[in-house]
Amino acid sequence: MIRYDITPTELQTLIDARVPGWRARTKTRTDSFRDLGKYQEDSSIWSEVKPVFMEIQGRSKCCFCEKKYEDSKLGRYELDIEHFRPKGNVRHWTLASNLAKEGVMLTAPDPGRRGYYLLTYHLWNYAVACKSCNSALKKDYFPISARYDLDGTNPWNMKGEKPWLIYPIGQLDNDPEDVIDFYGYLARSKATDHHLKLRGVVTITFFSLNDAILRKELLKDRALVIIVLYRLLLKAKNGDQDSTTSVSEMLKPTSRHTNCARSFKRLFEFDEVEAAEIAELSEQFYLSGSP
Ligand SMILES: [Zn+2]
């Protein structure tokens, strides 16, 4: 994960320019949810702003796993608008045993099966995520450690819920790169602050970011990034300008697995022998089980 920086004003301006009238239409819908006291929708209109979020997020990257997809013409079918705080219902997430041992506590969601209905059309409740991260893993979960504020109207004022998952758009939450980095193709929680460290562990576990069986292809994608980057870093070190340019490209937010690439570059600069070992292990992993 990385942060995709944008201010509320910039986001609003982008939405107004690309989807004129969308905010006015959603205000009407949100007002009706307020009257009803719950989410109730026959036809949603959040997909209309999906291309804007795809553009913001490094041009079509999943906000959680950093896989990259085609631009909005095709990529919109592969990426979902994710409601970070679920709109219609918050399901109880079963805590993995390793997290319980680490001291992660979960608040039980409202048994009345309600969600954050007033955030259905809140821009700061959106991100785009791949089908694996959103439909298969995120679902209607939103693990927190404090009290659910299901009547909340603005995520910027809801940090007191103490969400476990990290939200990567703008400055609303911690910078994901302050929480998670990578050792080789594997994610690791890096913060020194205890609670933040647990947030990293929960996020990695929740999205199975290191599961070599469930997410084998994701891990192989990251291994491939390391293999290519290592070769470029060696050439760049010997003065090859094209390789230097290519390394810069691989570290940009618009590249796939930017956090992993940046982490590996830091390792290369810190300890080249260890980086060589990691590149070798990445190559072994990438080739393992390939047809
Ligand atoms: Zn994903």
Side-chain angles (χ1 to χ4, degrees), residues 1-6 46-47 49-87 91 93 96 124-143 163-170 172-177 179-182 184-189 199-226 250-264 282 285-286:
M1 283 179 85
I2 60 168
R3 170 182 276 167
Y4 301 99
D5 211 1
I6 189 165
W46 51 77
S47 291
V49 298
K50 192 194 291 185
V52 176
F53 281 86
M54 290 173 69
E55 178 64 27
I56 293 168
Q57 288 176 213
R59 299 194 202 115
S60 308
K61 283 165 70 175
C62 170
C63 70
F64 298 121
C65 73
E66 279 206 82
K67 269 193 172 187
K68 182 147 177 149
Y69 291 85
E70 305 293 348
D71 66 16
S72 64
K73 199 171 175 185
L74 294 180
R76 64 186 305 157
Y77 298 101
E78 300 183 280
L79 290 161
D80 292 330
I81 275 276
E82 133 82 350
H83 285 80
F84 191 60
R85 286 173 166 85
K87 59 197 176 298
R91 287 170 65 178
W93 184 55
W124 289 90
N125 195 34
Y126 290 167
V128 289
C130 71
K131 302 277 183 196
S132 297
C133 286
N134 183 47
S135 306
L137 297 170
K138 176 68 165 49
K139 299 180 179 170
D140 284 338
Y141 298 121
F142 189 64
W164 283 115
L165 305 179
I166 304 156
Y167 181 76
I169 314 283
L172 195 156
D173 202 346
N174 291 93
D175 185 334
E177 284 183 273
V179 187
I180 293 170
D181 69 356
F182 286 81
Y185 52 83
L186 295 176
R188 67 183 175 188
S189 185
R199 287 191 77 194
V201 175
V202 172
T203 300
I204 291 166
T205 305
F206 185 96
F207 290 106
S208 300
L209 293 180
N210 285 343
D211 191 325
I213 296 170
L214 197 60
R215 307 208 78 170
K216 185 168 135 193
E217 299 305 324
L218 171 66
L219 269 63
K220 284 195 174 193
D221 280 355
R222 295 200 297 244
L224 192 54
V225 163
I226 289 170
M250 291 186 77
L251 304 179
K252 286 182 177 171
T254 45
S255 291
R256 67 206 67 230
H257 309 300
T258 311
N259 188 336
C260 178
R262 289 174 177 170
S263 299
F264 183 74
S282 299
F285 178 74
Y286 181 73

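Atoms within a ligand are numbered from 1 in the order they appear, just like the ligands themselves.
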#### Entry: Closest non-hydrogen atom pair, S60 against D71
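That closest heavy-atom pairing would be OG-CA, 3.6 Å.
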### Query
When rounded to the nearest 0.5 angstrom, what is the spacing between SG in C133 and CD in E66?
10.5 Å
### Task
Would you give the length of the straight line joining atom OG1 of T258 to atom CD1 of I2, rounded to the nearest 0.5 angstrom?
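These two atoms lie 4.0 Å from each other.
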### Task
Give every protein N, O or S atom lying under 2.8 Å from the Zn ion (ligand 1), naming each by residue and atom.
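Listed by chain and number, the nearby protein N, O or S atoms are C62 SG, C65 SG, C130 SG, C133 SG.
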### Query
If only atom types and distance count, is the side chain of R222 paired as donor or acceptor with the main-chain N or O of A261 below 3.5 Å?
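Checking the backbone N and O of A261 against the side chain of R222, no donor-acceptor pair under 3.5 Å is found.
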### Message
Applying side-chain contact (heavy atoms from CB on, under 4.5 Å) to K87 and W46, what does each step give before you reach the verdict?
### Response
CA-CA 12 Å; K87 59 197 176 298; W46 51 77; 3.2 Å; yes
### Task
Go through the steps for E78 and K131 under the test salt bridge (charged side-chain N to carboxylate O under 4.0 Å, His left out), then give the verdict.
CA-CA 7 Å; E78 300 183 280; K131 302 277 183 196; over 6 Å; no
